[in-house]
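Here is the structure we will look at.
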Amino acid sequence: MQDRKHTPVKELLASTEVDLEVTVKGWVRTKRGNAFVQFIALNDGSTINNIQVVADMKIFSEEDLKQFTTGAAVGVAGTLVKSTGAGQTVEIQATQVFVYGVADPEKFPLQPKKHSLEFLREIAHLRFRTSTFSAVFRIRHALTFAIHKFFNDRGFYNIHSPIITGSDAEGAGEMFRVTLLNAKNPPLKEDGTVDYSQDFFGKETNLTVSGQLEAELGALALSKVYTFGPTFRAENSNTSRHLAEFWMIEPEVAFADINDNMTLAQDMLVSVVKYILENCEDDLKFLSGRLLDEEKSKPEAERSPLELIEKLKFVTENDFVRLTYTEAIEILRESKPNKKKQFNYLINEWGADLQSEHERFLVEKHFKKPVILYNYPAAIKAFYMKQNDDGKTVAAMDILFPGIGEIVGGSQREEVYEKLHRRITEVGIEEKSLWWYLETRQFGTVPHAGFGLGFERLMMFVTGMTNIRDVIPFPRFPKNAEF
RNA sequence: UCCUUCUUAGCUCAGCUGGUUAGAGCACAUGACUGUUAAUCAUGGGGUCGCUGGUUCAAGUCCAGCAGAGGGAGCCA
């Protein structure tokens with residue numbers, strides 16, 4: 001049995017031929033039956049669907065199947081036949097069985113029943129074995145592939161930006177320090193502060209919070225590049241939308257402005273969602289059903305008006321709304337919740353930062369579709385963004401998705417040396433820490449633009465999972481680095 | 001970090017205004033049943049009621065602290 005070649009369950013289920021001798025290897029999901037015949041639902045992760053193994057108890061003894069319990073790893077040889085039962089088209093009439101690894105039913109935590117996502121998060125080493133998580137992680141693979149495919153098809157080059165960075169000026173959030181210095185007794189400088197010149201890199205280093213600045217350097221030679229890698233934020237964020245370690249996609253394009261940037265982001269989102277709709281139908285159907293079940297327990301007002309697949313199609317079939325920050329403020333100021341003072345933060349004047357409740361209102365109530373907001377007040381945005389001619393806004397854009405909020409944040413970058421330099425001084429960043437970034441504005445600078453897409457946020461949208469900790473295999477968040 | 005809710009069997013939960021031996025469903029074990037679809041039916045075992053302290057004749061239940069989790073907010077992707 002061990003040396004016998006086996007066929008993935010996915011292929012067996014798709015087979016149009018029957019009466020074939022086949023071998024299958026996988027994990028037992030459930031076993032049921034009686035003294036005369038036993039049915040085993042077997043899954044090998046190649047698909048969400050199980051194959052049914054039928055064991056005629058005239059051939060097998062009870063002892064043979066005793067270890068075929070939920071979670072056990074087994075091999076089965078037999079004949080692929082048309083099923084006489086209702087739940088499946090084909091099944092395997094077993095002639096030989098083998099147990100690779102037992103799973104003591106008294107101790108194996110997964111049962112053939114619904115478990116809470118919170119419980120499964122505590123056993124992340126086993127949650128791959130559930131239908132929900134196998135579906136989520138198959139989709140995670142497909143989405144990764146679709147993103148690389150989209151950029152490759154468009155002539156982008158993938159850049160590997162560094163994970164350990166010596167730059168502390170990205171300003172995207174708190175960083176994780178990378179050091180080999182003795183925490184109890186670090187070398188000190190004369191003024192009593194830690195002397196990082198004696199550390200491994202001879203300077204302070206951290207885990208990256210963004211690959212954007214490095215991507216810009218690549219774009220100013222290769223024209224179109226993107227990064228797709230892990231990023232780290234040491235923020236004490238305890239929400240269902242934040243992780244300490246997450247994956248980000250950051251394209252950067254030379255000779256491009258804010259409008260090109262918005263178009264690229266929209267095209268990318270539509271393209272990858274389409275890819276998932278076309279290639280992950282079974283998994284999407286399962287997740288959609290799961291979501292419907294979950295929503296049944298919610299009050300009607302909180303339920304989503306569209307089921308998962310409809311929601312994805314809605315994105316691929318409708319244009320995103322584009323409007324400026326200024327227009328958004330007008331809409332919000334005149335909105336019912338603002339006039340009735342239902343917002344926690346009322347919108348009174350231009351310049352206010354938009355809160356989640358405002359973004360939600362625009363996306364979920366007012367437009368009811370993805371919204372791209374652009375031309376934000378300079379005061380509430382990062383130093384590297386292109387300063388518009390009006391003297392008060394920058395060419396920044398955010399894409400807001402229903403249920404998730406900000407999924408993309410990007411901008412045209414400031415390519416004029418003097419303007420960038422002035423802004424860096426204004427916000428109080430040490431100029432010499434960004435000498436290399438500034439220097440690109442002195443040698444062959446061009447207008448360029450890019451954005452950052454939170455991969456896990458996109459995963460949440462595509463899978464309908466509502467907690468970001470459930471769309472990454474081993475989530476990292478405050479007080480948790482298990483596994 | 002702030003607000004709020006929660007923590008009872010392996011899992012999902014019930015346990016009212018404190019009152020004798022803490023319940024259910026699923027899972028598990030045993031038995032029954034000739035094709036099941038998270039099979040069904042019967043019987044059975046299984047709990048230091050998150051941790052520490054307090055109030056009380058009496059605490060799963062009330063109070064305080066701590067820890068963890070959920071939801072919301074801030075920061076953002």
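Because only heavy atoms are used, hydrogens play no part in the values below, and waters and symmetry mates are left out as well, while side chains stay in. Just so we're clear, the structure is a prediction, and the values are computed from it rather than from any experiment. Letters A, B, ... mirror the listed sequences (proteins, then strands); counts begin at 1.
- When Watson-Crick and G-U wobble pairs are counted only if both distances are under 3.5 Å, B:C13 pairs with B:G23.
- In the set B:U37, B:C26, B:C75, B:C75 carries the atom at the smallest distance from any side-chain atom of A:Asp353.
- Within 4.0 Å (heavy atoms only), A:Ala41 reaches no atom of the nucleic acid at all.
- Across all strands, A:Glu91 comes closer than 4.0 Å to base atoms (heavy-atom distances).
- Note on A:Gln93: a base of the nucleic acid sits closer than 4.0 angstrom, heavy atoms only.
- Ion pairing of A:Arg177 with A:Glu204 is present here, as a side-chain N (NZ or NE/NH1/NH2) and a carboxylate O approach within less than 4.0 Å.
- Nearest to the side chain of A:Arg32, among B:U34, B:A39, B:C28, sits B:A39.
- In this entry the distance linking CZ of A:Arg290 with P of B:A38 reads 18 Å, nearest Å.
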Next item on the list: Apply the test side chain to side chain contact (heavy atoms under 4.5 Å, CB included) to residues A:Thr263 and A:Gln266: give CA-CA distance (whole Å), side-chain angles for both, the deciding distance (0.1 Å), then the verdict.
Entry: CA-CA 5 Å; A:Thr263 303; A:Gln266 181 174 339; 5.9 Å; no
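- Taking a cutoff of 4.0 Å between a charged side-chain nitrogen and a carboxylate oxygen, A:Asp267 and A:Arg154 qualify as a salt bridge.
- Straight-line distance from the CG atom of A:Asn238 to the P atom of B:G68: 10 Å, rounded to whole Å.
- Counting only heavy atoms from C-beta on, A:Ser237 has its side chain closest to B:C75 among B:A27, B:C76, B:C75.
- Between the P atom of B:A29 and the CD atom of A:Gln67 lies a distance of 12 Å, rounded to the nearest Å.
- Within the 4.0 angstrom heavy-atom criterion, base atoms lie near A:Leu243.
- Among the atoms of the strands shown, only primed sugar atoms or phosphate atoms (P, OP1, OP2) are found under 4.0 Å from some heavy atom of A:Gly454.
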Check: A:Phe361 and A:Leu332: side chain to side chain contact (heavy atoms under 4.5 Å, CB included), yes or no, with the steps?
Finding: CA-CA 8 Å; A:Phe361 173 81; A:Leu332 288 167; 3.6 Å; yes
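- Nearest nucleotide to the A:Pro105 side chain, out of B:G71, B:A77, B:A29: B:A29.
- In this structure, A:Ser240 reaches the sugar-phosphate backbone alone: every heavy-atom distance under 4.0 Å involves primed, P, OP1 or OP2 atoms, never a base.
- B:A29 and B:A73: their P atoms are spaced 45 Å apart (whole Å).
- The residue A:Arg241 sits close to a base: some heavy atom pair falls under 4.0 Å.
- Between B:G72 and A:Thr239, no contact under 4.0 Å exists linking OP1 or OP2 to a side-chain N or O.
- Annotation: cation-pi geometry satisfied between A:Lys381 and A:Tyr376 (NZ/CZ under 6.0 angstrom from ring centroid, within 45° of ring axis).
- B:U36 atom P lies 14 Å from atom CZ of A:Phe36, rounded to whole Å.
- Under 3.5 Å, the side chain of A:Gln38 and the base of B:U36 form no donor-acceptor pair of N or O atoms.
- Seen from the ring of A:Phe383, A:Arg423 does not count as a face-on cation partner, given the 6.0 Å and 45° thresholds.
- Nucleotides B:G47 and B:A24, compared at atom C1', are 14 Å apart to the nearest Å.
- Looking only at atom types and distance, the side chain of A:Glu214 has no donor-acceptor partner in the side chain of A:Ser161 under 3.5 Å away.
- A:Gln355 comes within contact range of the sugar-phosphate backbone alone, with a heavy-atom separation under 4.0 Å but no base atom that close.
- Base contact: A:His242 has a heavy atom under 4.0 Å from a base atom.
- In this entry the distance linking CG of A:Leu117 with C1' of B:G68 reads 17 Å, nearest Å.
- When distances run from any side-chain atom of A:Thr84 to the nucleotides B:G35, B:A77, B:A27, the shortest one goes to B:G35.
- The P atoms of B:U61 and B:G44 are separated by 31 Å, rounded to the nearest whole Å.
- Contact check, A:Arg469 against B:A69: no side-chain N or O comes under 4.0 Å of OP1 or OP2.
- A:Gln88 comes within contact range of at least one nucleobase, with a heavy-atom separation under 4.0 Å.
- At a threshold of 4.0 Å, the pair A:Glu62-A:Lys66 does not count as salt-bridged, since none of the basic side-chain nitrogens sits closer than that to a carboxylate oxygen.
- The pairing partner recorded for B:C49 is none, the criterion being a Watson-Crick or G-U wobble arrangement whose two distances lie under 3.5 angstrom.
- To the nearest whole angstrom, the two P atoms, one in B:G46 and one in B:U56, are 36 Å apart.
- Of the candidates B:U12, B:G68, B:U36, B:U12 carries the atom nearest the A:Ser116 side chain, counting heavy atoms from C-beta on.
- By the 4.5 Å heavy-atom criterion applied to side chains, A:Asp260 and A:Val253 are not counted as neighbours.
- The CG atom of A:Leu373 sits 15 Å away from the P atom of B:C76 (whole-angstrom rounding).
- Of the candidates B:A73, B:C28, B:U36, the closest approach to any side-chain atom of A:Ser356 belongs to B:A73.
- Between A:Glu252 and A:Arg413 there is a salt bridge, since a side-chain N of the basic residue sits under 4.0 Å from a carboxylate O of the acidic one.
- Only the C1' atoms considered, B:U17 is 12 Å distant from B:C62, to the nearest whole Å.
- Going from atom NZ of A:Lys114 over to atom C1' of B:G10 covers 19 Å, rounded to whole Å.
- A:Lys66 comes within 4.0 angstrom of sugar-phosphate atoms only, judged by non-hydrogen atoms across all strands, and of no base.
- Distance A:His115 NE2 to B:C13 C1': 14 Å, rounded to the nearest Å.
- The aromatic ring of A:Phe39 is not stacked on the base of B:G35, since the criterion of ring centres less than 5.5 Å apart with planes inclined by under 30° is not met.
- Listed pair A:Asn34 / B:G35 meets the phosphate criterion, a side-chain N or O lying under 4.0 Å from OP1 or OP2.
- Comparing A:Asn467 and A:Val408 by the nucleotide of RNA chain B whose heavy atom lies nearest to each, the residue mapping closer to the 5' end is A:Asn467.
- Between A:Asp283 and A:Arg140 there is no salt bridge, since no side-chain N of the basic residue sits under 4.0 Å from a carboxylate O of the acidic one.
- The partner of B:C2, taking Watson-Crick or G-U wobble pairs whose two distances both stay under 3.5 Å, is B:G72.
- Among the atoms of the strands shown, only primed sugar atoms or phosphate atoms (P, OP1, OP2) are found under 4.0 Å from some heavy atom of A:Phe477.
- Distance check on atom C1': B:G45 versus B:C2 gives 47 Å, rounded to whole Å.
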Check: What string of B, S and - do you get for nucleotides 42-51 of chain B 5' to 3' if you count protein non-hydrogen atoms under 4.0 Å?
Finding: ----------
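- Along RNA chain B, the nucleotide closest to A:Phe119 and the one closest to A:Glu62 are compared, and the more 5′ of them pairs with A:Phe119.
- Comparing the C1' positions of B:C28 and B:G71 gives an interatomic distance of 34 Å, to the nearest angstrom.
- In summary, A:Lys25 and A:Asp44 do not engage in a salt bridge, as defined by a charged side-chain N under 4.0 Å from a carboxylate O.
- Nucleotides B:G25 and B:U34 have their P atoms positioned 26 Å apart, rounded to a whole Å.
- One finds no side-chain N or O of A:Arg121 lying less than 4.0 angstrom from the OP1 or OP2 phosphate oxygen of B:G68.
- Between A:Thr30 and B:A39, a side-chain N or O to OP1/OP2 separation shorter than 4.0 Å is present.
- Between A:Lys113 and B:A39 there is no side-chain N or O to OP1 or OP2 distance below 4.0 Å.
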